[in-house]
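Scope of the values below: all heavy atoms of this structure, side chains included, with no hydrogens, waters or symmetry mates.
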Amino acid sequence: MISKMPVSQERSDIFFEEDDLPYEEEILRNPYSVKCWLRYVEHKSVGSRKQVVVVFERALKELPGSYKLWYNYLKHRRKQVKGRCITDPAFEDVNNAYERALVFMHKMPRIWLDYCQFLMDQCKITRTRRTFDRALRALPITQHHRIWPLYLKFVRNHPLSETAIKVYRRDRKSVV
């Protein structure tokens, strides 16, 4: 028999099943342990995708500065929309998750690169260009060499001659 119990009085929309109990207890004992949260996520991954998102969201509420949690959460969210039409509203939900992540992870080039690639895959030209520019402003100059190759690839793939010239000039300035 699987019974569902509310996690807390104020959040009656979050339920857990009996086999979640050890994970919930572990989280109560160690709410700031990334390892505990990731074990819980792994346990929930056999269930519905929505339940996994709920656990990730709870974990990120406790540990908003965890690169490991954000990276895995964003990877999970990208997987959820893979194969869908790019006009599906779920894509915008993932974009919003990236924006939330960047509030805390703005110094992490991998998050920027994944987000820019995700926007490129959605064919959002202006938003992608602006995101690349934000990445270059947010990251230390020592990390720019990680952004430029993807940015230049993006510019080459679109007929934006004036923009392309400006981007190439910026790249050359950063090299000198």
Side-chain angles (χ1 to χ4, degrees), residues 32-35 37-38 40-42 44-45 48-176:
Y32 303 114
S33 168
V34 173
K35 201 179 283 188
W37 284 108
L38 289 176
Y40 196 7
V41 165
E42 188 178 331
K44 290 303 249 181
S45 64
S48 79
R49 290 179 173 181
K50 188 176 181 181
Q51 289 178 339
V52 175
V53 170
V54 168
V55 173
F56 265 123
E57 290 285 347
R58 287 176 57 205
L60 290 166
K61 194 173 183 180
E62 294 293 331
L63 297 160
S66 169
Y67 172 82
K68 200 171 194 176
L69 281 173
W70 277 114
Y71 180 78
N72 285 299
Y73 175 59
L74 295 169
K75 187 168 78 172
H76 175 77
R77 295 298 302 262
R78 281 193 317 269
K79 235 187 273 185
Q80 284 183 314
V81 297
K82 190 174 185 171
R84 291 187 185 185
C85 177
I86 59 172
T87 59
D88 189 314
F91 275 90
E92 198 54 40
D93 292 341
V94 179
N95 292 339
N96 291 335
Y98 268 104
E99 291 295 337
R100 285 183 22 238
L102 289 170
V103 169
F104 303 101
M105 300 285 116
H106 60 278
K107 297 292 185 199
M108 300 295 177
R110 173 50 43 203
I111 303 291
W112 285 108
L113 287 168
D114 289 350
Y115 185 31
C116 288
Q117 183 63 61
F118 188 67
L119 290 172
M120 287 168 60
D121 295 342
Q122 294 173 66
C123 303
K124 294 187 178 281
I125 296 172
T126 302
R127 190 169 179 178
T128 304
R129 181 184 52 77
R130 288 179 178 158
T131 303
F132 272 116
D133 289 340
R134 284 174 44 216
L136 291 170
R137 283 193 306 274
L139 292 169
I141 198 156
T142 56
Q143 297 292 322
H144 286 197
H145 70 280
R146 299 193 55 196
I147 301 297
W148 280 114
L150 187 61
Y151 198 177
L152 295 174
K153 177 184 168 193
F154 163 71
V155 169
R156 275 188 233 112
N157 290 340
H158 299 285
L160 309 165
S161 56
E162 189 176 323
T163 302
I165 291 168
K166 288 178 182 177
V167 169
Y168 276 110
R169 283 185 184 150
R170 281 177 63 196
D171 177 45
R172 293 297 98 204
K173 279 184 185 176
S174 71
V175 172
V176 176

Trainee: My understanding is that only one of Thr142, Ile141, Ile147 makes a side chain to side chain contact (heavy atoms under 4.5 Å, CB included) with His144; could you say which?
Mentor: Ile141

Trainee: From Arg77 CZ over to Tyr73 OH, what is the distance, rounded to the nearest 0.5 angstrom?
Mentor: 4.0 Å

Trainee: Please name all residues satisfying salt bridge (charged side-chain N to carboxylate O under 4.0 Å, His left out) with Arg49, sequence neighbours left out, ordered by chain then number.
Mentor: none

Trainee: How far apart are the closest heavy atoms of Tyr115 and Leu102, and which atoms are they?
Mentor: CD2-CD1, 3.6 Å

Trainee: A side-chain contact here means heavy atoms from C-beta on lying under 4.5 Å apart; do Thr131 and Lys124 qualify?
Mentor: no

Trainee: Working to the nearest 0.5 angstrom, can you tell me the gap between Phe104 CZ and Leu69 CG?
Mentor: 12.0 Å

Trainee: Within a 6.0 Å radius of atom CD on Glu42, are there more than 12 heavy atoms belonging to other residues, nucleotides or ligands?
Mentor: no

Trainee: Could you check whether any side-chain heavy atom of Val41 comes within less than 4.5 Å of a side-chain heavy atom of His76, counting everything from C-beta outward?
Mentor: no

Trainee: What I'd like to find out is whether the side chain of Asn96 reaches to under 4.5 Å of the side chain of Arg100, using heavy atoms alone.
Mentor: no

Trainee: Report the distance from atom CG of Leu63 to atom NZ of Lys68, rounding to the nearest 0.5 Å.
Mentor: 12.0 Å

Trainee: To the closest 0.5 Å, what do you measure between CG (Leu119) and CZ (Arg130)?
Mentor: 12.0 Å

Trainee: If every non-hydrogen atom of Gly65 is compared with every non-hydrogen atom of Met105, which pair is closest and at what distance?
Mentor: O-CE, 3.3 Å

Trainee: When you compare the side chains of Glu99 and Asn95, does any donor N or O come within less than 3.5 Å of an acceptor on the partner?
Mentor: no

Trainee: Does Glu92 come within less than 4.0 Å of Arg127, counting only side-chain N to carboxylate O?
Mentor: yes

Trainee: Of all the heavy-atom pairs spanning Tyr98 and Ile111, show the shortest one and how long it is.
Mentor: CE2-O, 3.8 Å

Trainee: Please find the pair of heavy atoms, one from Val34 and one from Ser66, that lie closest to each other, and give the distance.
Mentor: CG2-OG, 3.6 Å

Trainee: Measuring only between side-chain heavy atoms, which start at C-beta, is Met108 closer than 4.5 Å to Trp70?
Mentor: no

Trainee: Can you tell if the side chain of Asp114 reaches within under 4.5 Å of the side chain of Arg110, non-hydrogen atoms only?
Mentor: yes

Trainee: For Lys107, I'd like to know if atom NZ has over 12 heavy atoms of other residues, nucleotides or ligands within 6.0 Å.
Mentor: yes

Trainee: Charged N to carboxylate O below 4.0 Å: is that the case for Arg129 and Asp133?
Mentor: yes

Trainee: Roughly how far, to the nearest 0.5 Å, is the NE2 atom of His106 from the CZ atom of Arg134?
Mentor: 11.5 Å

Trainee: Kindly give the heavy-atom pair with the smallest separation between Trp112 and Ala138, and that separation in Å.
Mentor: CZ2-CB, 3.8 Å

Trainee: Within a strict 4.5 Å, meaning less than it, do heavy atoms of the Asp88 and Val81 side chains meet?
Mentor: no

Trainee: For side-chain contact (heavy atoms from CB on, under 4.5 Å), just list the numbers for Gln117 and Leu113, CA-CA rounded to whole Å, side-chain angles, deciding distance to a tenth of an Å, and then say yes or no.
Mentor: CA-CA 6 Å; Gln117 183 63 61; Leu113 287 168; over 6 Å; no

Trainee: State the CE-CG distance between Met120 and Leu150, to the nearest 0.5 angstrom.
Mentor: 4.5 Å

Trainee: For the residue pair Cys116 and Thr128, what are the closest heavy atoms and their distance?
Mentor: O-CG2, 3.9 Å

Trainee: As a quick check of understanding, evaluate ring pair (Phe, Tyr, Trp, His ring centres under 6.0 Å) for Tyr151 and Trp148, giving each step before the final call.
Mentor: CA-CA 5 Å; Tyr151 198 177; Trp148 280 114; 5.4 Å; yes

Trainee: Could you check if a side-chain atom of Phe56 sits within less than 4.5 angstrom of a side-chain atom of Lys44, using non-hydrogen atoms only?
Mentor: no

